[in-house]
Amino acid sequence: MKRFFIIMAFVAAHVNVVSAWGILGHTTVAKIAENNLTPKARQELARYFGKQSIVFYATYPDYYRSKWLYDFGFDPVGDVGKRVNVYPHTFEVDKDFKAFRGFNDNGRYVKNCVHFIKQFSDELHDRKCLSDSIVKWKVIMIVHLVGDMHCPEHIQYNPEDMSIGKYNVRFDSRNIKYHTLWDEEILTRRNPFGYSDTALLLDTWSDKKIAETAKGDPYDWAEESARLSYPVHAYKAGVELKHVKYLNEFTPLAEDQIRRAGYRLAALLNDIFGK
């Protein structure tokens, strides 16, 4: 593996990024996870975050992507001379909803956040050899990417739909990017609350259901997420969405995906820091 390098200066302004769930979704995921941490995991995380909540950093990787870059070690086919060095926030599945493992498909770059959730989790189990700043960074990336992988429009269905909703649809008599609809309005249209209250309203599953949800590893979760999210991808460019009917159909899915992400994030952090 090529060396890891840190760019210390923050970017001066926000850039256009693909950001699953937006601020409300990511912070709600992090808050649900925080509410379900074991006392030991909470105490251990405080070593790296002090009094600051993981919620504070939930959207951090969307806005400071250039702060931490990693040389992935190859030039993707068709883009010679441009090294891949930005962490992906999406993932790709095959016709059986199985997530691609790794990120290099014979020279084709495969965006795969699931790979890095698993890699960072494994590395944090052996964190004694890592500096505190690197541990904190890897936790921040896990917090964010677990949210990303549960957003339906962060899934690429190869070869059927690789678009991640980067096209316009008609919603409530206006044009809107389908991806933006799933980043923001699917959660906020009927929800007047902030992240703390939203987490309180959504963190309602039984201990048994939470345990069932947290079984498996990130690749198992990715497969389930892809299966559940598949109906979202039936809507193509230019389609007129009846906003009441659409929200009635998909708001429950969005809310359940936020729950799953929060409980699974808690499970990862408890497994890493709570033992």
Side-chain angles (χ1 to χ4, degrees), residues 4-10 19-70 87 89 113-114 116-150 193-207 210-211 213-218 221 258-275:
F4 169 73
F5 63 98
I6 298 177
I7 299 178
M8 296 306 296
F10 287 161
S19 54
W21 297 130
I23 294 173
L24 177 63
H26 273 298
T27 52
T28 301
V29 168
K31 185 60 177 175
I32 291 173
E34 188 174 67
N35 290 346
N36 287 272
L37 292 175
T38 65
K40 189 175 188 308
R42 192 182 301 273
Q43 181 180 22
E44 182 70 9
L45 282 168
R47 170 183 171 182
Y48 306 100
F49 288 85
K51 294 183 179 180
Q52 192 65 268
S53 168
I54 59 172
V55 178
F56 178 83
Y57 295 96
T59 60
Y60 197 81
D62 276 335
Y63 298 111
Y64 298 112
R65 292 193 183 193
S66 65
K67 184 180 180 182
W68 297 300
L69 300 176
Y70 188 93
Y87 283 101
H89 294 231
C113 65
V114 186
F116 292 102
I117 293 169
K118 183 71 165 59
Q119 177 181 308
F120 295 157
S121 298
D122 291 344
E123 290 169 349
L124 287 172
H125 276 99
D126 191 26
R127 59 188 175 277
K128 290 182 180 179
C129 61
L130 303 176
S131 69
D132 287 359
S133 63
I134 296 298
V135 170
K136 182 178 180 180
W137 166 69
K138 291 181 185 294
V139 172
I140 291 170
M141 290 299 295
I142 289 173
V143 169
H144 186 82
L145 295 181
V146 169
D148 277 343
M149 70 172 283
H150 285 84
F193 307 108
Y195 75 86
S196 186
D197 288 332
T198 302
L200 180 67
L201 293 170
L202 293 183
D203 186 5
T204 56
W205 283 2
S206 68
D207 290 344
I210 292 172
T213 299
K215 283 183 177 179
D217 69 9
W221 305 340
I258 292 292
R259 289 183 176 101
R260 291 184 182 97
Y263 294 136
R264 287 164 174 169
L265 175 57
L268 280 179
L269 296 178
N270 285 335
D271 184 56
I272 296 166
F273 297 103
K275 293 182 177 179

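Side chains are part of it too, since the values below use all heavy atoms of this structure and drop only hydrogens, waters and symmetry mates.
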Side chain proximity check, F116 to M141, heavy atoms < 4.5 angstrom: no
Evaluation steps, side chain to side chain contact (heavy atoms under 4.5 Å, CB included), between K275 and N270: CA-CA 7 Å; K275 293 182 177 179; N270 285 335; over 6 Å; no
Side-chain contact test, heavy atoms from C-beta onward, threshold under 4.5 Å: evaluate it for R47 versus V135 and give yes or no. no
Donor-acceptor contact below 3.5 Å, side chain R264 vs main chain T213: yes
Rounding to 0.5 Å, atoms CD1 (I32) and OH (Y195) come to a distance of 12.5 Å
Shortest non-hydrogen contact from A267 to A214? CB-CB, 3.7 Å
I'd like to know if K136 and D132 make a salt bridge, using a cut-off of under 4.0 Å between side-chain N and carboxylate O. no
Nearest-0.5 Å distance that lies between atom CH2 in W21 and atom CD1 in I23: 15.0 Å
So which heavy atom on H125 is nearest to which on D271, and how close? NE2-OD2, 2.9 Å
I want to check something: taking the side chain as every heavy atom from C-beta on, are W205 and R259 in contact at a cut-off of under 4.5 Å? yes
Measuring only between side-chain heavy atoms, which start at C-beta, is I117 closer than 4.5 Å to L268? yes
Looking at every non-hydrogen atom in both residues, tell me the closest pair between L200 and T204 and how far apart they are. O-CG2, 4.2 Å
Testing the basics here: between A30 and I54, what is the closest heavy-atom pair and its distance to 0.1 Å? O-CD1, 3.8 Å
Is there a side-chain contact between Y57 and V143, using heavy atoms and a 4.5 Å cut-off? no
Salt bridge or not for R127 and E44, using N-O below 4.0 Å? yes
Above 12 or not: heavy atoms from other molecules or residues under 6.0 Å from CD of Q43? no
Could you please spell out the steps behind the side chain to side chain contact (heavy atoms under 4.5 Å, CB included) verdict for Y263 and D203? CA-CA 9 Å; Y263 294 136; D203 186 5; 2.7 Å; yes
Minimum heavy-atom separation for L24 to F193, with atom names? CD1-O, 3.9 Å
Say you draw a straight line from CE of M149 to CH2 of W221; how long is it, rounded to the nearest 0.5 Å? 7.5 Å
Looking only at heavy atoms, which two atoms of A58 and H26 are closest? And how far apart? CB-O, 3.5 Å
Interatomic distance, OG@S133 vs NZ@K138, rounded to 0.5 Å, equals 10.5 Å
Is D122 atom CG crowded by more than 12 heavy atoms from other residues, nucleotides or ligands, each under 6.0 Å away? yes
V139 side chain near F120 side chain, heavy-atom distance below 4.5 Å: no
Separation between OG1 (T198) and CG (L202), nearest 0.5 Å, reads 6.5 Å
Rounded at 0.5 Å granularity, tell me how far CD1 in I272 sits from CG in D126. 12.0 Å
Minimum side-chain heavy-atom gap K31-N35 below 4.5 Å: yes
Does L145 reach the side chain of P61, with side-chain heavy atoms less than 4.5 Å apart? no
